[in-house]
Amino acid sequence: MPIADIEGIKTRYQVMGEGPPLLLLPPMGFDVSVAHRWFNRVWKGFKPLDVLPRNFRLIAYDRRECGESGGRVEPLSWPIFAHHAKALLDHLEIENAFLLGGCIGCSVALALGAHFPERCRALLLHWPVGGFRWLNEGCSNFDRHIAFAREHGLSGVAERAKQSRLFWSEPEAGPWASVLASDTAFAESFVRQDLDRYLEVLAQSRDNLFNDTMPPGATGEQLMAMNVPAFIMPGDDVLHLTSCAYALRELMPQAKLSPLMPPQQNAATIEHWIYESTAVRGAPALAA
């Protein structure tokens, strides 16, 4: 799989198929690589890497601080993640693309729509995250890591990261866990930094990423000003509230909400929704 240096960050990506470009924004955060990301509950058995290259130029990548991509210790934010995705499109000389986000990938797509609307043909938002439990869990994960780093120091963080690689499921490992586990030079630099500054970066990252019960990625004002077509398929669990999908539909001027709730969502209906939303031919007919 190709590796690109995207503004100093090692970025693993792959491009497959021919047709309109579609940037795939993964449905989990901080810790799952391209190869393992698609088979969780969010996609309901849909396998975009197998299906979408038939009629799209599909770009899949590991977001910074995720999978086999690198990272940089700095305050994390949705605009930073969006800038990384935009820089990958620049690297590939792609002027604009459809954006397909799942779960946390919806927030990266919303940030791209807010800050780089000219790069977005349309946003396809599958199971956007948000709500009080999402906010509470995200803040709690950062707070657990802050406490662990304060008690065990940066060497302790690096050791824990090498053992787990997973931030969301093991917060003590930290948001740079996957990079610490895979990049020796990064790990050596990480343990030499100032602990107090690192704790400040963590607090800023927490407050940037988890600061509202609204779907993250763009402010209400940005959503109301976003003149990019958006197609939304709602989730229905404690981290992907149906109300979040409705909030996006109500605020975004060009948003269309799918009537299909999770019991009606499966690999075939998700594939059909993508082709219908993009007006790209090629989806098989749904069974009657």
Side-chain angles (χ1 to χ4, degrees), residues 1-14 25-42 49 60-78 80-81 84-85 87-88 103-105 107-108 129 134 137-210 239:
M1 188 176 295
I3 298 289
D5 183 320
I6 303 297
E7 299 184 335
I9 293 178
K10 180 187 77 171
T11 303
R12 186 175 77 149
Y13 72 95
Q14 57 188 129
L25 300 164
M28 292 185 70
F30 299 113
D31 50 30
V32 183
S33 68
V34 164
H36 301 94
R37 183 177 283 135
W38 317 116
F39 304 105
N40 60 71
R41 71 185 190 282
V42 172
L49 296 181
Y61 77 110
D62 277 344
R63 191 168 56 253
R64 53 172 291 173
E65 284 84 34
C66 183
E68 299 300 322
S69 287
R72 186 160 45 233
V73 178
E74 60 185 341
L76 301 175
S77 68
W78 302 113
I80 277 181
F81 294 140
H84 179 235
L88 176 61
C103 183
I104 198 174
S107 299
V108 182
V129 293
W134 162 260
E137 186 167 344
C139 289
S140 175
N141 285 350
F142 269 94
D143 288 342
R144 283 174 59 181
H145 180 61
I146 288 170
F148 182 86
R150 187 176 285 121
E151 180 179 356
H152 297 279
L154 296 170
S155 296
V157 169
E159 284 303 312
R160 188 62 169 263
K162 292 174 185 177
Q163 295 168 13
S164 73
R165 300 174 63 102
L166 305 175
F167 174 56
W168 195 259
S169 59
E170 189 171 348
E172 287 77 11
W176 288 275
S178 62
V179 194
L180 286 166
S182 63
D183 188 331
T184 301
F186 179 89
E188 291 174 351
S189 174
F190 179 90
V191 300
R192 292 195 300 266
Q193 69 182 310
D194 180 75
L195 175 61
D196 288 336
R197 177 190 173 275
Y198 178 68
L199 296 175
E200 290 176 2
V201 167
L202 289 170
Q204 291 172 6
S205 298
R206 175 199 62 206
D207 296 343
N208 289 341
L209 296 171
F210 301 97
L239 300 182

Check: Does Arg160 offer a backbone N or O that forms a donor-acceptor pair with the side chain of Gln163 under 3.5 Å?
Finding: no
Notebook entry, point to check: Is any side-chain heavy atom of Phe167 closer than 4.5 Å to a side-chain heavy atom of Glu65?
Noted result: no
Next item on the list: Using salt bridge (charged side-chain N to carboxylate O under 4.0 Å, His left out) as the criterion, list what pairs up with Asp207, not counting sequence neighbours.
Entry: none
Checklist line | Contact summary for Asn141 and Pro171, nearest pair of heavy atoms | finding: OD1-CG, 3.1 Å
Check: What heavy-atom pair brings Ala161 and Ala181 nearest, and what distance separates the two atoms?
Finding: O-CB, 3.9 Å
Check: Looking at CG of Leu180 and OG of Ser189, how far apart are the two atoms once the value is rounded to the nearest 0.5 Å?
Finding: 10.0 Å
Notebook entry, point to check: Aromatic rings Phe210 and Trp134: how do their planes relate, parallel, tilted or perpendicular, breaks at 30° and 60°?
Noted result: tilted
Checklist line | Worked verdict on Val108 versus His84 for side-chain contact (heavy atoms from CB on, under 4.5 Å) | finding: CA-CA 10 Å; Val108 182; His84 179 235; over 6 Å; no
Next item on the list: Kindly give the heavy-atom pair with the smallest separation between Val179 and Gly70, and that separation in Å.
Entry: CG2-C, 3.8 Å
Next item on the list: For residues Leu202 and Pro175, determine if any side-chain heavy atom of one lies less than 4.5 Å from a side-chain heavy atom of the other.
Entry: yes
Next item on the list: Kindly say whether Gln204 contributes a backbone atom to a donor-acceptor pair with the side chain of Asn208 at under 3.5 angstrom?
Entry: yes
Checklist line | Point-to-point distance, once rounded to the nearest 0.5 Å, from CG of Leu166 to CD of Glu172 | finding: 12.0 Å
Check: Could you give the distance from OG (Ser182) to CZ (Arg12), rounded to the nearest 0.5 Å?
Finding: 10.0 Å
Ignoring hydrogens and angles, write down the donor-acceptor pairs under 3.5 Å from the side chains of residues 146-159, residues two or more places apart or on other chains.
none

Next item on the list: Please examine the side chains of Leu76 and Arg64, heavy atoms only from C-beta on, and report whether any two atoms are closer than 4.5 Å.
Entry: yes
Notebook entry, point to check: Does the pair Tyr61 and Ser69 meet the rule for a side-chain contact (heavy atoms from CB on, under 4.5 Å), with working shown?
Noted result: CA-CA 8 Å; Tyr61 77 110; Ser69 287; 5.5 Å; no
Margin query: Could you measure the distance from the CD1 atom of Ile9 to the CD1 atom of Ile80? Nearest 0.5 Å is fine.
Written below: 8.5 Å
Notebook entry, point to check: How long is the span from the CG atom in Leu239 to the SG atom in Cys103, to the nearest 0.5 Å?
Noted result: 7.5 Å
Note to self: Looking at every heavy atom in both Arg63 and Pro26, which two are closest together, and how far apart are they?
What the structure shows: NH1-CG, 3.4 Å
Next item on the list: Measure the shortest side-chain to side-chain distance between Tyr13 and Asp62 over non-hydrogen atoms and say whether it is less than 4.5 angstrom.
Entry: no
Check: CD/Glu68 to NZ/Lys10 distance, rounded to the nearest 0.5 angstrom?
Finding: 6.0 Å
Notebook entry, point to check: Yes or no on side-chain contact (heavy atoms from CB on, under 4.5 Å) for Trp176 and Asp183, after CA distance, side-chain angles and deciding distance?
Noted result: CA-CA 11 Å; Trp176 288 275; Asp183 188 331; over 6 Å; no
Check: Any donor-acceptor pair under 3.5 Å linking the side chain of Ser205 with the backbone of Val201?
Finding: yes
Notebook entry, point to check: Minimum heavy-atom separation for Gly71 to Phe186, with atom names?
Noted result: O-CE1, 3.7 Å
Checklist line | Closest non-hydrogen atom pair, Ser164 against Ala173 | finding: OG-CB, 3.1 Å
